Every structure is written in C-alpha cells, then in structure tokens.
Amino acid sequence: MSNEVSSAARVQSSRDDPVLQWVTFKLGNETYGINVMQVQEVLRYTEIAAVPGAPSHVLGIINLRGNVVTVIDTRMRFGLEPSDVTEQTRIVIIEAEQQVIGILVDSVAEVVYLRQSEIEMTPNVGNEESAKFIQGVCNRDNELLILVDLNKMLNEQEWGELNF
Amino acid sequence: MSRKHQSISQEDQALAGYIAAMFGNAPQVMAAPLRVVEATQPVVEETEAAKLASVRKLLAETVVVAAPVEAPPAKAPAMEIQPVAVPEPAPVVASPAPRAIVEQAPIEELALILPPERAANLIPEWGEKRFQTLFFRVGPLTLAVPLSQLGGIFALEKDRITSLFGKPKWFLGLHPYQGGNMQIVDTARWVMPEKYAEVTAEGLELDYVIRLGDTPWALACTQVHDAVTLEHDDIRWRSSLGRRPWLAGVVVGKMCALLDVDNFIFLLENNQFENRHQGLPVAP
C-alpha cells in the first residue's frame, strides 16, 4: 500500500491531464494494466467448472458467493501460449459491458497511477482482432505497461454468449 | 572446377536468388549463408560480369511502361546519429552500372500500396547525387541504407523488448528509447517473409537496431558494417516499384539491396505489410 501512497503523491491530477488508476497483472514476461474502476475483486485460483459447448476463450464458470461468474482464458484471448496454474495465479473479477466476468492472470501486481498524457498509442499494424484490446502503453519504472481496454476484449456477440 | 570456383558459383546462385526474391521474380531457393572466398582476379571479373548480367536481366523483367507522372518534391529528413560510431566513409570501387531507364510503374497496380505521388518517385532525391550508405546484415542478408535517412544506430537489449499481443510477427515489440519507445521490426520477416526460414536457418542474433529517420520505427539487424560513399551510377536503380516499393535498387559493387527509407516508413505507418504480400507465401 505504501507504493500506492507514494505514487499518488507523485502524480497530481488536473482537468487537462487526469490521473487514472490501473490494476496491473502479469501474463508471461509482460505487465498489463486494467482500469481500476472496472475491477471488483481479485480471487485466488479456484476450481473452474468447464461448460460444454462454451467458446474456446471461456475457461468455465465459478461460484462467487452464489453468483455464477464466467472466467475468460486471458492468455488464449491475447494469443499467448497456455501456462500452468501456480501459487500466484489469480482470477480478477471485472465489470465490463454491464457484465461481471473473471479473467485468469498469472499474477496481480499493484495499483499504479498514470497521467493520461503518459499513455502512448501503439503502432497500428496487422489485422488481428486482439490488437484492438490494447488501449496504449506507458513506461513506468523501467518497465513498459500494456494498458488493456476490457470492453473491447470481446465483441458484442461474444459478450452475449457469456450468459450460461 | 576448383573449390574456389565452386564457392563463387554458389555465392552467385545465392545472390541471384536473393535479388530475384527481392524483385519478386522467379522463385529461386536461396543458398546457404555466403562465405568469404579469396578469388583470383580473372574469376572476380567474370563473377561480377555474371552478377551484373543477372541483375540487369532481373531488373529488365520488372520494367513496365506507362504514362509519365509528374514527380512530387521529395522530402529529405535530417540525419542524427549518435550512440554507435559509424566508420569513416571510404570510396567504393565498383564497376559502374549503366544508368537505368526510368519508366513509370503502373499506378493502378500500386494503388493499394502507395499513393500515386509517391509511386511516381522511382529514384529518391538523395540518390540523384553522391551519397553515404551504411551496410548492415540480417543473418546472411546484406542491406544498404542511405545515412541521410537514418535516425541512429542502437544496441538492442532483447530483454527490454516488450511484445504486444495481436501484432504481426514481424513486429518484435517496443524498446525503450530516450523516454519513448522504438518500434522494432524483424527485418528479415518484413523484407523477405517467403524466405524467412532460410534466412534464419542458422539463428539470428539481433544485436542492433537502425532507426528510420526521425520515426519510432527501427530495423533489427545482426551486424552493422562500414559506411561508404556511393555515386549515383554505383546503384542499379529500380525501374518500377513492383511489390517492394521499399527497394530503391541494388548496390552493384556489393550486390545488396538499397532501401528506400521513405517508402519503407510509409508502408510501416500505413500498415501495408499485408497488402504488399497479398498472394505471396508468408513464413508461419
């Protein structure tokens, strides 16, 4: 938490250059960020029940205090190689497109504060759908943070298919 | 046939395949990485003559006649090279190639790739007179680039490259650079995707990047060689743009491709890789 405080102290928001908070997580060697306002909670890995006939990017469902939550295979969605579940594996419960879903990540790191002006666009190359999930990148502490637009992680039809 | 003659013949084959592939002609298989061969004078002369004949033939095949189009004023970005010292330029001794007859490429063929005003520019402005050129290698491929079009040469720290999901394989990722990021291109995959497996057969140690102009784009390469001053006639200039508008011509003395950096940048910035390679086999 001291990290958060020091980051907040360093970064001052202004109307022209608002400061946004991002929850960072790891997938492989890269660090990703998602808007903190969309994160509801972070869970330790728990058994995920497979759903027959579900799309390939859906790992299955979990029971979250009586609610059924669909968990997305984030690695597959990002076109990354699969990886084993470890002690650090987490399910991040997020809200996007008026739905609550879980995304499986290798680990969750911290909450960081970034000015809007610090966010850089990425080159518009290739035709892959998944490239649209990237909202921008930001250099921070000698590390490049890849900011993900959760709303674009699935298209309209895919969001519609998540209700089991 | 002596071993030297055999080696030179293999080198010629490799070069012919390389140049042919560059110009999008007959699909020839690229030979093994080039070897340095000590050759006697008559053999060298014979080989260079053969190389020239081969290049002329290949270039002649790419000539397409069309109505002339007025060329727009070309831009000449300022050069700023700092971190890696480039050797002093030395004069090139090469057989002067006959100046290519400049004929206009068919605009409609290039409509998907370059806008007409850019497609009309067959010989870049910097190529109209003497210019300095840097040679670099990507595995077995030697490429040349005009120094005036470079933004710098940098050591590549591979562990500092951040790859972005959803991007094409030729885009290696982002590399921090002076507070921003360079966008690193896997040069071999971009330049010759159909020959990528052969170019990388012995592995590629990408240790350097060459920044294109003042853009964030940078080409990854294995070695940076010497810089030399070339005359206009040292180059066999393209006579049409074909599928590779980034190829300005061939440095005859070194038998390597000379990059048209402005067009290269244009293709990168306009996401034209896929258009450019439509219908061509691309490495997995």
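Sequence lines set the chain letters: A, B, ... in the order given, protein chains first and strands last, and positions in each chain run from 1. Nothing here was measured: the structure is a model prediction, and the numbers come from that model.
In this structure, the portions of B/N181 lying under 4.5 Å from any heavy atom of chain A include both its backbone and its side chain. Contact annotation for A/N124: both backbone and side-chain heavy atoms come within less than 4.5 Å of a heavy atom of chain B.
For the atom pair CG (B/L174) and CG (A/N139), the distance works out to 8.5 Å, reported to the nearest 0.5 Å.
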Worksheet item: Which is it for A/E143 and B/T162 under the side-chain contact (heavy atoms from CB on, under 4.5 Å) test, yes or no, and what are the steps along the way?
Response: CA-CA 9 Å; A/E143 188 179 49; B/T162 301; over 6 Å; no
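Surrounding NZ of A/K26 are more than 12 heavy atoms belonging to other residues, nucleotides or ligands, all under 6.0 Å away. By the 6.0 Å contact criterion, CD on A/E156 is open, its count of non-hydrogen atoms from other residues, nucleotides or ligands being 12 or less.
Ring pair A/F133/B/F165 is tilted by interplanar angle, where 30° to 60° counts as tilted.
By number of non-hydrogen pairs under 4.5 angstrom with chain B, the leading residue of A/R77, A/E120, A/K132 is A/E120.
The minimum heavy-atom distance linking B/G166 with A/A131 is given by the pair O-CB, 3.5 Å. Among all heavy-atom pairs drawn from B/L164 and A/T122, the shortest one is CD1-CG2, 3.7 Å.
Side-chain atoms of B/K167 come within 3.5 Å of backbone atoms of A/P123 as a donor-acceptor pair (strictly under, hydrogens ignored). The backbone N or O of B/S163 lies less than 3.5 Å from a partner atom in the side chain of A/E30, making a donor-acceptor pair.
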